[in-house]
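Worth knowing before you read on, the calculation uses all heavy atoms, side chains too, and leaves out hydrogens, waters and symmetry mates. Position 1 is the first residue of the sequence, and the numbers go up from there. Predicted model, so just to flag it, every value in this text is computed and none were measured.
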Amino acid sequence: MADDKDVLRDVWYGRIPACFTLHQDQVTEREAEPYYLLLPRVSYLTLVTDKVKKHFLKVMRAEDVEEMWLEYEGTPLKWHYPIGVLFDLHASSSILPWNITVHFKDFPERDLLHCSSNSVIEAHFMSGIKEADALKHKSQVVNDMQKKDHKQLWMGLQNDKFDQFWAMNRKLMEYSTEDGGFRYIPFRIYQTTGERPFIQKLFRPLSADGAVHTLGDLLREMYPAAVTHEGAEKRLQVVIHGIEPLLETPLQWLSEHLSHPDNFLHICIIPVPSD
């Protein structure tokens with residue numbers, strides 16, 4: 001892996017200011033003040049909102065409390081998507097802080113998965129890491145790790161410890177000089193429209209003749225509408241971690257440096273904000 005630790009740190013410590021307010025239909029014993037929090041882009045909502053839950057439970061009656069869930073402007077927020085992906089997909093054009101509404105009843109069964117404990121998040125996270133390594137290394141790296149190594153990855157994310165996480169994650173980002181990159185790039189392309197929640201297919205970082213594949217190459221094959229032809233009006237933005245990378249950026253570099261902790265490159269396709 002190319003050693004560009006400043007990029008890795010910038011990605012890890014990316015934060016989104018958020019304001020949590022209780023939904024107006026919730027019955028409270030006294031007024032519920034908003035709660036402000038800096039959300040880590042690379043984490044998951046259910047992993048970092050315990051303080052939000054405790055804050056609002058102080059004004060709730062126990063009999064009115066069910067499972068907490070969050071929404072933004074009528075859209076339930078999927079806890080199993082990284083926070084940065086949720087923001088980029090649904091709220092990137094909004095004014096900060098990100099205004100999130102808190103619910104304790106009427107759980108939207110059709111839209112959200114239940115999350116009863118952090119062990120559910122851990123299982124989801126490790127499943128992503130294993131899937132990504134199957135694509136990159138035929139699962140050889142994950143299979144060579146011990147249980148304590150898997151735990152180190154999880155604890156690094158859970159406790160927001162960059163060095164702890166990357167001391168182990170480096171192994172998942174390595175490849176031989178002969179290969180010149182991963183076997184396949186683990187990626188998911190998200191959109192706000194369409195039937196499928198995301199696009200995910202096999203795509204190599206190098207072409208059959210050894211040419212380096214770029215972000216533009218990936219999009220031209222997987223989501224051609226996102227690649228604007230010369231002179232055409234730009235209607236869609238391609239966003240990763242809140243930024244719009246150049247289409248000429250090598251896909252292998254993006255995978256090594258801009259993947260989320262689950263080792264997937266999460267790419268959001270969003271409409272260009274109107275003036």
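Scanning both residues, Val11 and His257, for their nearest heavy atoms gives CG2-O, 3.7 Å. A pairwise comparison of heavy atoms in Phe182 and Glu174 identifies CE2-O, 3.9 Å as the closest pair. Shortest non-hydrogen contact noted between His137 and Lys171 is CE1-O, 4.4 Å. Between Leu47 and Trp154, the closest heavy-atom pair is CD1-CH2, 3.7 Å. When all heavy atoms of Ala32 and Val59 are compared, the pair lying nearest together is CB-CG2, 3.8 Å.
Note on ring orientation: taking the six-membered ring where Trp is involved, the planes of Trp166 and Phe162 are tilted (angle from 30° to 60°). Using a 30° and 60° split on the angle between ring planes, His241 and His260 fall in the parallel class, below 30°. Using bins of under 30°, 30° to 60° and over 60° for the plane-to-plane angle, the ring pair Trp12/Phe165 lands in the tilted bin.
For the atom pair CG (Asn169) and CD1 (Ile129), the distance works out to 6.0 Å, reported to the nearest 0.5 Å. Taking CZ of Arg220 as the reference point, atom CG of Leu215 lies at 9.0 Å (rounded to 0.5 Å). Taking OG of Ser139 as the reference point, atom CD of Glu131 lies at 10.0 Å (rounded to 0.5 Å). Once rounded to the nearest 0.5 Å, the distance linking OG of Ser43 with CD1 of Ile83 reads 5.0 Å. Expressed to the nearest 0.5 Å, how far CD1 of Ile270 lies from CD of Gln237 amounts to 4.5 Å. Here the straight-line distance linking atom CD of Glu256 with atom NZ of Lys136 works out to 8.5 Å at 0.5 Å rounding.
Under a 3.5 Å cut-off, the side chain of Asp88 and the backbone N or O of Val85 do not form any donor-acceptor pair. Listed for the Thr214 side chain is a donor-acceptor partner under 3.5 Å among the backbone atoms of Leu247. A side-chain donor-acceptor contact under 3.5 Å links His55 to the backbone of Glu33. Looking only at distances, no side-chain donor or acceptor of Gln146 sits under 3.5 Å from a matching main-chain atom of Asp149. With hydrogens and angles ignored, the 3.5 Å screen pairs a side-chain donor or acceptor of Ser259 with a backbone N or O of Ser255.
Grouping the Ile, Leu, Val, Met, Phe, Trp and Tyr side chains by contacts below 4.5 angstrom, directly or via other members, places Tyr35 with Leu57. No single ILVMFWY cluster, assembled from side-chain heavy atoms under 4.5 Å apart, contains both Leu254 and Leu135. No path of Ile, Leu, Val, Met, Phe, Trp and Tyr side chains, each step under 4.5 Å between heavy atoms, connects Trp69 with Leu45, placing them in separate hydrophobic clusters. Tyr175 is not connected to Phe264 by any chain of hydrophobic side-chain contacts under 4.5 Å among Ile, Leu, Val, Met, Phe, Trp and Tyr, and they are in different clusters. Leu251 and Leu206 are members of different hydrophobic clusters when ILVMFWY side chains are connected at heavy-atom separations under 4.5 Å.
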Query raised in the report: Going through the checks in order, is the side chain to side chain contact (heavy atoms under 4.5 Å, CB included) test met by Leu113 and Lys78?
Result: CA-CA 7 Å; Leu113 300 172; Lys78 300 179 187 297; over 6 Å; no
Query raised in the report: So Asp50 and Lys53, salt bridge (Lys or Arg N to Asp or Glu O under 4.0 Å) or not? Walk me through it.
Result: CA-CA 5 Å; Asp50 276 350; Lys53 185 176 183 179; over 6 Å; no
**Report entry** Chi angles and distances behind the side chain to side chain contact (heavy atoms under 4.5 Å, CB included) call for Phe198, His266
**Finding:** CA-CA 9 Å; Phe198 52 76; His266 295 279; over 6 Å; no
**Report entry** Worked verdict on Met173 versus Asn263 for side chain to side chain contact (heavy atoms under 4.5 Å, CB included)
**Finding:** CA-CA 8 Å; Met173 292 296 177; Asn263 277 233; 3.6 Å; yes
Query raised in the report: ring pair (Phe, Tyr, Trp, His ring centres under 6.0 Å) between Tyr72 and His90: does it pass, once the steps are laid out?
Result: CA-CA 8 Å; Tyr72 171 71; His90 301 300; 7.4 Å; no
Report task. Starting from the C-alpha separation in whole Å, work towards a yes-or-no answer on side chain to side chain contact (heavy atoms under 4.5 Å, CB included) for Leu236 and Tyr223. Result -> CA-CA 11 Å; Leu236 297 171; Tyr223 206 108; 3.9 Å; yes
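Looking at His150 and Met168, their side chains never come closer than 4.5 Å, going by heavy atoms from C-beta outward. The side-chain heavy atoms of Met222 and Ile267, taken from C-beta on, include no pair separated by under 4.5 Å. Between Met126 and Val142, the closest side-chain pair of non-hydrogen atoms is not below 4.5 Å. Counting only heavy atoms from C-beta outward, the side chains of Leu39 and Trp98 approach each other to under 4.5 Å. The closest side-chain heavy-atom distance from Gln152 to Gln164 is below 4.5 Å. In this structure, Ser92 and Val239 have side chains that are not in contact, with every pair of non-hydrogen atoms separated by 4.5 Å or more. Side-chain contact check for Ile16 versus Arg41: some heavy-atom pair is nearer than 4.5 Å. Using a 4.5 Å cut-off on side-chain heavy atoms (C-beta onward), Phe107 and Glu66 make no contact.
Tyr44 and His124 have their aromatic ring centers within a separation under 6.0 angstrom. Taking the six-membered ring where the residue is Trp, the centroids of Tyr190 and Tyr81 are separated by under 6.0 Å.
Within 6.0 Å of OH in Tyr13 there are more than 12 heavy atoms belonging to other residues, nucleotides or ligands. Surrounding NZ of Lys147 are at most 12 heavy atoms belonging to other residues, nucleotides or ligands under 6.0 Å away.
A salt bridge does not link Lys105 to Asp25: none of the charged nitrogens lies less than 4.0 Å from a carboxylate oxygen. Salt-bridge annotation for Arg183 and Asp133: absent, with no side-chain N of the basic residue lying under 4.0 Å from a carboxylate O of the acidic one.
Counting only N and O atoms by type, the side chains of His213 and Gln252 include no donor and acceptor under 3.5 Å apart.
Not counting sequence neighbours, the partners of Arg235 by the salt bridge (charged side-chain N to carboxylate O under 4.0 Å, His left out) test are Glu233.
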